[in-house]
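Structure first, then comments.
Lettering follows sequence order; numbering is per chain, from 1. Source: prediction; values computed, not measured.
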Protein chains: 2
Amino acid sequence: MNADADWVERFPGLSRLDLPTKQLLTNRSTIVSVPKDTMVFGPGRSPENMLFLLDGTVRVQQVSETGHQIVLYRIEAGQSCVLTTACLLAYDDYSAEGIAESVVKAAAVPREVFDDLVAGSKPFRDFVFAAFSKRITDLFLMIDEVAFQRVDVRLADKLIKLSGDADKVSTTHQKLSVELGTAREVISRQLQEFQRRGWIEQARGSVTLKDRSKLQTLADHNA
Amino acid sequence: MNADADWVERFPGLSRLDLPTKQLLTNRSTIVSVPKDTMVFGPGRSPENMLFLLDGTVRVQQVSETGHQIVLYRIEAGQSCVLTTACLLAYDDYSAEGIAESVVKAAAVPREVFDDLVAGSKPFRDFVFAAFSKRITDLFLMIDEVAFQRVDVRLADKLIKLSGDADKVSTTHQKLSVELGTAREVISRQLQEFQRRGWIEQARGSVTLKDRSKLQTLADHNA
DNA sequence: AGGGTTCAGTGACTTTGTCACCAAACCGTC
DNA sequence: GACGGTTTGGTGACAAAGTCACTGAACCCT
């Protein structure tokens with residue numbers, strides 16, 4: 001085995017498992033790697049296994065019948081797709097898809113093993129339910145945001161989150177509009193306004209944050 | 001025991017349990033009844049038990065920091081609050097609340113019993129995961145709707161769903177606006193338009209459906 | 001019958017979404 | 001380097017939806 005054999009330790013929620021459970025997870029899982037821009041799951045593409053992300057991120061987005069799209073959430077390293085996978089297995093009129101945003105390395109755990117683990121290990125159960133709970137509360141907040149928050153506030157927030165440590169966000173207006181579930185034109189106009197105020201600078205395919213604190217103030221303006 | 005002793009049988013997902021599991025559920029649960037308009041759960045009000053609804057409905061709604069509200073979903077008889085309860089236990093910055101829309105009768109199952117059941121019974125696990133999955137996919141669809149569907153379409157759909165068999169919906173414009181997460185004025189104007197077209201008739205505190213098929217056509221207009 | 005409350009209607013305005021179209025930047029390849 | 005297709009972003013006009021401030025009617029109490 002390689003350096004990924006100890007992957008279980010890298011999951012905060014799984015480190016509390018007892019040794020036999022950890023070994024079961026390690027032995028019965030296989031490390032898989034998928035290239036960037038692969039559809040990991042989606043309509044007509046339900047994976048056989050539960051994935052535990054070791055590296056990279058998977059973007060989960062809803063594709064509407066209207067042709068619109070909106071990013072629902074991202075699965076980062078240290079998290080699991082249990083929920084989306086479980087959803088796929090339960091309902092086939094499922095319209096969300098998961099796309100690898102970079103090369104993604106994951107541990108694939110067969111369904112039966114997953115079920116055994118839920119049955120046999122209390123810490124594993126806690127991990128799984130915590131993941132579900134977090135997802136649901138996040139979706140609640142997202143609904144709140146989509147329904148009631150102004151786009152300038154949401155865009156400022158999204159820019160800061162997408163930027164991470166860096167000051168430059170490499171993305172297009174189109175992609176930003178999918179992040180927020182709005183129209184490209186709306187993003188263009190908002191970014192123009194931000195630029196006019198000197199908060200950002202634009203280039204084709206990128207946005208440079210010039211005044212993070214001003215953007216942050218706007219993003220925090222949620223009361 | 002009373003007529004509710006066999007409540008387990010009334011849950012489609014639970015009837016497949018084996019006898020000992022059913023008995024465990026029945027013996028370790030207590031039937032509770034809460035009056036109409038009670039807040040069953042919400043910020044600072046996390047119940048100790050998992051509820052299985054026998055009668056009535058619980059309306060779950062998000063209360064925004066902006067003062068706005070939106071109905072997320074309803075828990076009907078034959079369903080369980082596992083998810084919302086689980087969420088409450090996991091995260092306290094939880095801003096949704098569950099309100100009894102009528103007198104609600106439910107079986108309360110202590111957390112430990114719930115955990116034992118998940119561990120010991122495969123059909124019970126399936127029931128719980130199916131509930132989670134259904135909820136999450138429904139929330140996906142809801143986000144899609146809030147973000148991309150026109151209010152007239154959503155309102156027509158909501159009127160039909162709220163009406164059930166009857167033709168009269170007893171509700172106020174204010175309540176309808178919370179159902180859709182929009183403003184009261186918007187509802188008033190849309191209902192005026194529906195009335196102008198002869199699809200409905202309005203009275204203080206009620207809407208009467210006059211042309212269900214026309215409303216249905218509009219509601220189906222989702223492509 | 002009076003007074004408070006709930007419910008609904010309205011106009012003016014802002015924000016957001018839609019549509020149709022244009023122009024510049026980029027990416028090949030010839 | 002020139003050409004042509006694609007991607008990206010800009011624009012104006014308009015429609016839909018949300019906000020604000022205010023009005024009046026219906027209802028519910030004593």
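- Put simply, CD on A:Q195 is 12 Å from P on D:dG9, counting in whole angstrom units.
- The listed nucleotides are C:dG17, C:dT10, D:dG10; the one nearest the side chain of A:V151 is C:dG17.
- Side-chain nitrogen and oxygen atoms of A:H173 include none within less than 4.0 Å of the OP1 or OP2 phosphate oxygen of D:dT7.
- No side-chain donor from either of A:Q69 and A:Q62 sits under 3.5 Å from a side-chain acceptor of the other.
- Note that the NZ atom of B:K175 and the CZ atom of B:R59 stand 8.0 Å from one another [nearest 0.5 Å].
- Atom CD of A:Q174 and atom C1' of C:dC26 are 17 Å apart (whole Å).
- A distance-only check finds a donor-acceptor pair linking the side chain of A:D211 to the backbone of A:K214 [under 3.5 Å].
- Distance B:R154 CZ to D:dA17 P: 9 Å, rounded to the nearest Å.
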Produce the list of close N/O pairs, under 3.5 Å, pairing protein atoms with atoms of nucleotides 1-6 of chain C; give distances to one decimal.
from: C:dT6; atom 1: O2; to: B:R204; atom 2: NH2; distance (Å): 2.6

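- Looking at the side chain of B:Q202, the nearest of the listed nucleotides C:dG9, C:dT18, D:dA17 is C:dG9.
- The side-chain hydrogen bond (donor to acceptor under 3.5 Å, both in side chains) check on A:R204 picks up nothing, with sequence neighbours excluded.
- The CD-C1' distance, from A:Q192 to D:dG9, rounds to 9 Å in whole Å.
- Nearest-nucleotide mapping onto DNA chain D: of A:S206 and A:F148, the residue sitting toward the 5' end is A:S206.
- In terms of phosphate contacts, B:T182 brings a side-chain nitrogen or oxygen within less than 4.0 Å of OP1 or OP2 of D:dG18.
- Regarding A:R184, its CZ atom lies at a distance of 8 Å from the C1' atom of D:dT8, rounded to whole Å.
- Contact annotation: A:H68 side-chain N/O to C:dG17 OP1/OP2 distance is not under 4.0 Å.
- Looking only at distances, no side-chain donor or acceptor of A:R74 sits under 3.5 Å from a matching main-chain atom of A:V60.
- Using modelled atom types, one finds no donor on one side chain facing an acceptor on the other under 3.5 Å when comparing B:E201 with B:T208.
- Applying the ring pair (Phe, Tyr, Trp, His ring centres under 6.0 Å) test to pairs two or more places apart or on separate chains, those with a residue in residues 161-196 of chain A are A:F194-A:W199.
- Look at CD1 on B:I187: it is 16 Å from P on C:dT10, rounded to the nearest Å.
- Contact annotation: A:Q190 does not reach the phosphate of C:dT15 (side-chain N/O to OP1 or OP2, under 4.0 Å).
- Note on B:E193: nothing from the nucleic acid sits closer than 4.0 angstrom, heavy atoms only.
- When rounded to the nearest whole Å, the span between CZ of B:R196 and P of C:dT10 equals 13 Å.
- As a whole-Å value, the separation of B:R189 CZ from C:dA12 P is 12 Å.
- Below 30°, between 30° and 60°, or above 60°: for B:F52 and B:F11 the angle between ring planes is above 60°, a perpendicular geometry.
- Each of B:K175 and B:E185 was matched to the nucleotide of DNA chain C holding its nearest heavy atom; the match closer to the 5' end belongs to B:K175.
- A:R150 comes within 4.0 angstrom of the backbone, heavy atoms only, and of no base.
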